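Here's the structure we're looking at; comments come further down.
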Amino acid sequence: MATEPLRPHPLLTRYYADEASRKRQVLAWFDESAPDYDWITQAMSFGSGSWYRRQALLRAGLAPGMSTLDVACGTGALTVPSQEIVGPEGQVVGLDPSTGMLRQARANGARRLVRGVAEALPFPDRRFELLSMGYALRHVADLRATFREYHRVLQAGGRLLILEITPPRSRLPFHLLEIYLGRIVPLLARLGRGGRSSRDVMRYYWETIDNCVKPPVILSALEEAGFSRVARHVEMSIFSEYVAVR
C-alpha cells in the first residue's frame, strides 16, 4: 500500500485548490519575482543573510575541493558562496524548478545550473559530498521522497544542510515575527518590479513558515530516510540548521 505524502505544511487553499495548482502557482510566483528576490531577502535580513549562509556552510563541513549540490538554489544565495568555498578544485551544482530563478542565479555568478525538483533529482547515486537547501523545504511535495533522494545522491559520509526559519515558541517574539514577515516585508516587496507577485510570494513565505511541520517531524523523516547524526542547530531563536550524515 502506498504511503501518504508527508507534506511540509497543509495545502493553503486561499492560494490554490490542490497539489497540482500549488506547484503551478508557486512556480509562477518565483518566475515573476526573481528580479526582486535578492534585494527583498537582503533587506529582510538587514544585510546579514549572506554572512549567515556562508557561516552555516562552513559549520556543515563544506571545504575546498568538495562536490556540492544546492537544491532549490533560487538566485544562488548558497550556490555562489559554495563555489567560493570549494574553490577551483571543487564543483557546485545549483538546481531549481524556476527558469526565472535560474536566470538570476546565472547573472549572480552561479556557473553550473540544472532545472529540476527535489523529489526527483536528475543525478546518479552517490554523486555529491554535501547537499544544501536554503529556506525552501516548505515548497516540496513530500518530505519522505525528498529526503530519500538526498540520501541517494550523497556519498557515504556525505553531509546534508537544510536551512529553515522556525517560528519562536514565545508569544511576543512570534507576533513580532508575524508582523514583520507577514505584513511589513510583503508591503516592501510590492514596491519592486515583481509587484503583486513579489508581495504575494513574501506573504506566502510567512504562511508556510507558520504552518510548517514541527522540527521533530523533520528530524524523524531524516532518520527514516537513512541519515545518521541527525541534529538541529538554532541561531537567534528562529534560524534552524538541520544537519545529517549519509
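Worth knowing before you read on, the calculation uses all heavy atoms, side chains too, and leaves out hydrogens, waters and symmetry mates. As the structure is a prediction and not an experimental result, all values here were calculated from the model. Numbers here are sequence positions counted from 1.
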TODO: List the steps, then state whether side chain to side chain contact (heavy atoms under 4.5 Å, CB included) holds for Arg53 with Ser132.
DONE: CA-CA 11 Å; Arg53 283 187 287 267; Ser132 62; over 6 Å; no
Task: Point-to-point distance, once rounded to the nearest 0.5 Å, from CG of Leu154 to OG1 of Thr68 - done: 9.5 Å
Open item on the list: Under the criterion side chain to side chain contact (heavy atoms under 4.5 Å, CB included), I'd like the reasoning laid out for Leu161 against Leu62: C-alpha separation, chi angles, the key distance, then a yes or no.
Closed with: CA-CA 10 Å; Leu161 169 67; Leu62 188 61; over 6 Å; no
TODO: Kindly indicate whether the side chain of Pro8, heavy atoms from C-beta on, has any atom under 4.5 Å from the side chain of Ile218.
DONE: no
Open item on the list: Filter on salt bridge (Lys or Arg N to Asp or Glu O under 4.0 Å), then keep only pairs touching residues 106-116, sequence neighbours left out; what's left?
Closed with: none
Task: ILVMFWY cluster, Leu131 and Leu137 together (side-chain gap under 4.5 Å) - done: yes
Open item on the list: Show every salt bridge (Lys or Arg N to Asp or Glu O under 4.0 Å) that has at least one partner inside residues 58-71, sequence neighbours left out.
Closed with: Arg59-Glu241
TODO: Dump the intermediate steps for side chain to side chain contact (heavy atoms under 4.5 Å, CB included) on Leu143 and Val213, then the final yes or no.
DONE: CA-CA 10 Å; Leu143 293 177; Val213 296; 3.9 Å; yes
- [ ] With sequence neighbours excluded, give me every salt bridge (Lys or Arg N to Asp or Glu O under 4.0 Å) pair touching residues 128-140.
- [x] Arg138-Glu164
- [ ] Might you point out which heavy atoms bring Asn211 and His9 nearest each other, and give the distance in Å?
- [x] O-CB, 3.3 Å
Task: Main-chain N/O of Thr75 paired to Asn108 side chain as donor or acceptor, under 3.5 Å - done: yes
Open item on the list: Using only atom types and a distance under 3.5 Å, with no angle test, would you say the side chain of Glu119 pairs donor to acceptor with the backbone of Ala145?
Closed with: no
TODO: Give, for atom CZ of Arg148 and atom CG of Leu121, the distance between the pair rounded to the nearest 0.5 Å.
DONE: 12.0 Å
Task: Side-chain heavy atoms of Asp38 within contact of Gln104, under 4.5 Å - done: yes
Task: Option among Glu224, Glu149, Glu4, Glu223 that satisfies the salt bridge (charged side-chain N to carboxylate O under 4.0 Å, His left out) test with Arg144 - done: Glu224
Task: Side chain proximity check, Glu235 to Gln55, heavy atoms < 4.5 angstrom - done: no
- [ ] Any ring-ring contact (aromatic ring centres under 6.0 Å, His included) involving residues 211-239? Give me the pairs, sequence neighbours left out, ordered by first then second residue.
- [x] Tyr52-Phe239, His151-Phe227
Task: Minimum-distance pair of heavy atoms, taken over all atoms of Val230 and Ala244 - done: CG2-CB, 3.9 Å
- [ ] Tell me, please, which residues at least two apart from Asp125 pass salt bridge (Lys or Arg N to Asp or Glu O under 4.0 Å).
- [x] Arg152
Open item on the list: Are Phe174 and Trp206 an aromatic pair, judged by ring center distance below 6.0 Å?
Closed with: yes
- [ ] Evaluate the criterion side chain to side chain contact (heavy atoms under 4.5 Å, CB included) for residue pair Tyr135 and Leu78; output intermediate values, then yes/no.
- [x] CA-CA 10 Å; Tyr135 310 110; Leu78 279 173; over 6 Å; no
Task: Rounded distance (nearest 0.5 Å) linking atom OG1 of Thr13 with atom CZ of Arg22 - done: 13.5 Å
- [ ] May I ask whether Met236 and Leu172 are part of the same hydrophobic cluster, defined by side-chain heavy atoms of I, L, V, M, F, W, Y residues being less than 4.5 angstrom apart, directly or through others?
- [x] no
Task: Atom of Pro122, atom of Val114 and distance for their closest heavy-atom approach - done: CG-CG1, 3.9 Å
- [ ] Please examine the side chains of Ile162 and Phe147, heavy atoms only from C-beta on, and report whether any two atoms are closer than 4.5 Å.
- [x] yes
- [ ] Output all residues satisfying side-chain contact (heavy atoms from CB on, under 4.5 Å) with Ala63, sequence neighbours left out; order by chain, then residue number.
- [x] Met66
Open item on the list: Check whether Asp142 reaches the backbone of Leu6 with its side chain - one donor and one acceptor, N or O, closer than 3.5 Å.
Closed with: yes
Task: Joint cluster assignment, Tyr180 & Tyr204, ILVMFWY side-chain distance < 4.5 Å - done: yes
Task: Shortest non-hydrogen separation from Ala105 to Gly76 and the atoms involved - done: CB-N, 3.9 Å
TODO: Apply side-chain contact (heavy atoms from CB on, under 4.5 Å) to Asp200 and list each qualifying residue two or more places apart in sequence or on a separate chain.
DONE: Trp29, Arg196, Arg203
Task: Side chain proximity check, Cys73 to Met101, heavy atoms < 4.5 angstrom - done: no
TODO: To the nearest 0.5 Å, tell me how far Gln25 CD sits from Leu12 CG.
DONE: 11.5 Å
Open item on the list: Membership question, hydrophobic clusters at under 4.5 Å side-chain separation (ILVMFWY): are Val71 and Ile165 in the same one?
Closed with: no
Task: Side chain to side chain, Leu113 and Asp96, heavy atoms closer than 4.5 Å - done: no
Open item on the list: Checking Asp210 now: which residues fulfil side chain to side chain donor-acceptor pair (under 3.5 Å) with it, not counting sequence neighbours?
Closed with: none
Open item on the list: Do Val201 and Tyr16 land in one hydrophobic cluster if side-chain heavy atoms of ILVMFWY residues count as linked below 4.5 Å?
Closed with: yes
- [ ] Not counting sequence neighbours, which residues clear ring-ring contact (aromatic ring centres under 6.0 Å, His included) with Phe30? List them please.
- [x] Tyr37, His139
Open item on the list: The criterion is side chain to side chain donor-acceptor pair (under 3.5 Å); which residues satisfy it with Glu207, sequence neighbours excluded?
Closed with: Arg14, Tyr15
Task: Heavy-atom pair of closest approach, residues Pro5 and Ala141 - done: CB-O, 4.1 Å
Open item on the list: Once rounded to the nearest 0.5 Å, what's the spacing between atom OG of Ser170 and atom CG of Leu176?
Closed with: 11.0 Å
Open item on the list: Applying side chain to side chain donor-acceptor pair (under 3.5 Å), can you list everything that pairs with Arg232, at least two apart in sequence or on another chain?
Closed with: Ser240
Task: Residue pairs, two or more places apart or on separate chains, that pass salt bridge (Lys or Arg N to Asp or Glu O under 4.0 Å) and touch residues 169-189 - done: none
Task: Considering all heavy atoms, the nearest Gly116-Leu95 contact - done: O-CD2, 3.2 Å
Task: Side-chain heavy atoms of Leu160 within contact of Arg246, under 4.5 Å - done: no
Task: Reported CD1-to-CG distance for the pair Ile209 and Leu177, which is rounded to 0.5 angstrom - done: 6.5 Å
- [ ] Taking Ser220 for its side chain and Val217 for its backbone only, find out whether a donor-acceptor pair lies under 3.5 Å.
- [x] no
Task: Side chain to side chain, Leu222 and Tyr150, heavy atoms closer than 4.5 Å - done: no
Task: Backbone N/O of Leu27 and side chain of Ser98: donor-acceptor pair under 3.5 Å - done: no
